[in-house]
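Following: one structure in structure tokens, then a few remarks.
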Amino acid sequence: MAIQCPKCGGEHVQAIKVILQSGTSFSSGTMTGLGVGTDGAGTFVGTSSGTSQTTLAARFSAPKKPALWVEVANGIMALASSPWLAAHGPDAAWRYLSLAMWAYFAYSFWGYRKKSAAYKVYYPKWKALYDNGFFCHKCGNTFVV
């Protein structure tokens, strides 16, 4: 017996896990080349990698966990430059810029806390949908069995 959609009764349903796995592809490659010019020749080697998803797979993709290191790096750059600006500025404009750097530092951590709290709420819901969820291709309903 096939799983039926509780909304429309359709049997054209697919597991969310399968939609994500079949709709996501990873690619990588190596490139090499040779350049010849008037001053001589040169070679290069490079790598590339990428991920592509179908629209449906992107709809059910995992939420991105906010990175604390980004906020720390932004804050360190802002705070490291603010004493220099305050000491080397000829007028009050540099002091205001220094104050703005401190405000940016505080704002970035406030933003991280907000994103982190939203992630902690959303991730368990996504995980339950990923583990036990189904999508009806007939009506577009998503449900958990």
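None of the values given here were measured: they were computed from a predicted structure. We use all heavy atoms of the structure for the numbers below, so side chains are in, but hydrogens, waters and symmetry mates are not.
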Point-to-point distance, once rounded to the nearest 0.5 Å, from [atom1] of [X] to [atom2] of [Y]:
X: I16; Y: L56; atom1: CD1; atom2: CG; answer: 7.5 Å
X: Q4; Y: C136; atom1: CD; atom2: SG; answer: 10.0 Å
X: Y119; Y: Y112; atom1: OH; atom2: OH; answer: 10.0 Å
X: R59; Y: T54; atom1: CZ; atom2: OG1; answer: 11.0 Å

- Query: Should V145 and F134 be marked as a side-chain contact (heavy atoms from CB on, under 4.5 Å) after you check the CA-CA gap, both sets of side-chain angles, and the distance that decides it?
  - Reply: CA-CA 8 Å; V145 176; F134 290 88; 3.6 Å; yes
- Message: Does Y107, at its OH atom, have more than 12 non-hydrogen atoms belonging to other residues, nucleotides or ligands within less than 6.0 Å?
- Response: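 12 or below, so no.
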- Query: When you look at CZ of R113, are more than 12 heavy atoms from neighbouring residues, nucleotides or ligands closer to it than 6.0 Å?
  - Reply: no
- Derivation and outcome, side-chain contact (heavy atoms from CB on, under 4.5 Å), residues T32 and T43: CA-CA 7 Å; T32 58; T43 61; over 6 Å; no
Check [X] against [Y] and note the closest heavy-atom contact, atom names and distance.
X: K138; Y: G10; answer: CD-CA, 4.2 Å
X: A57; Y: T24; answer: CB-OG1, 4.1 Å
X: L20; Y: F60; answer: CD1-O, 3.2 Å

- Task: Please tell me if the side chains of N141 and C8 come closer than 4.5 Å, counting only heavy atoms from C-beta onward.
- Result: no
- Message: With heavy-atom distances below 4.5 Å as the criterion, would you say the side chains of C139 and C5 are in contact?
- Response: yes
- Pair M31-S48, side-chain contact (heavy atoms from CB on, under 4.5 Å): steps then yes or no: CA-CA 8 Å; M31 298 154 294; S48 68; 4.0 Å; yes
- Verdict with supporting geometry, S52 and S25, side chain to side chain donor-acceptor pair (under 3.5 Å): CA-CA 5 Å; S52 64; S25 63; 2.8 Å; yes
- Message: Are F143 and F135, when compared by the centres of their aromatic rings, separated by less than 6.0 Å?
- Response: no
- Do Y122 and W126 have ring centres separated by under 6.0 Å? no
- Query: Donor-acceptor pair, S22 side chain versus V18 backbone, under 3.5 Å?
  - Reply: yes
- Message: Using modelled atom types and a 3.5 Å cut-off, is there a donor and acceptor pairing between side-chain atoms of S61 and backbone atoms of A58?
- Response: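 Here the side-chain-to-backbone pair exists.
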- Task: Check the pair I3 / V13 against side-chain contact (heavy atoms from CB on, under 4.5 Å), numbers first and verdict last.
- Result: CA-CA 7 Å; I3 296 175; V13 296; 3.9 Å; yes
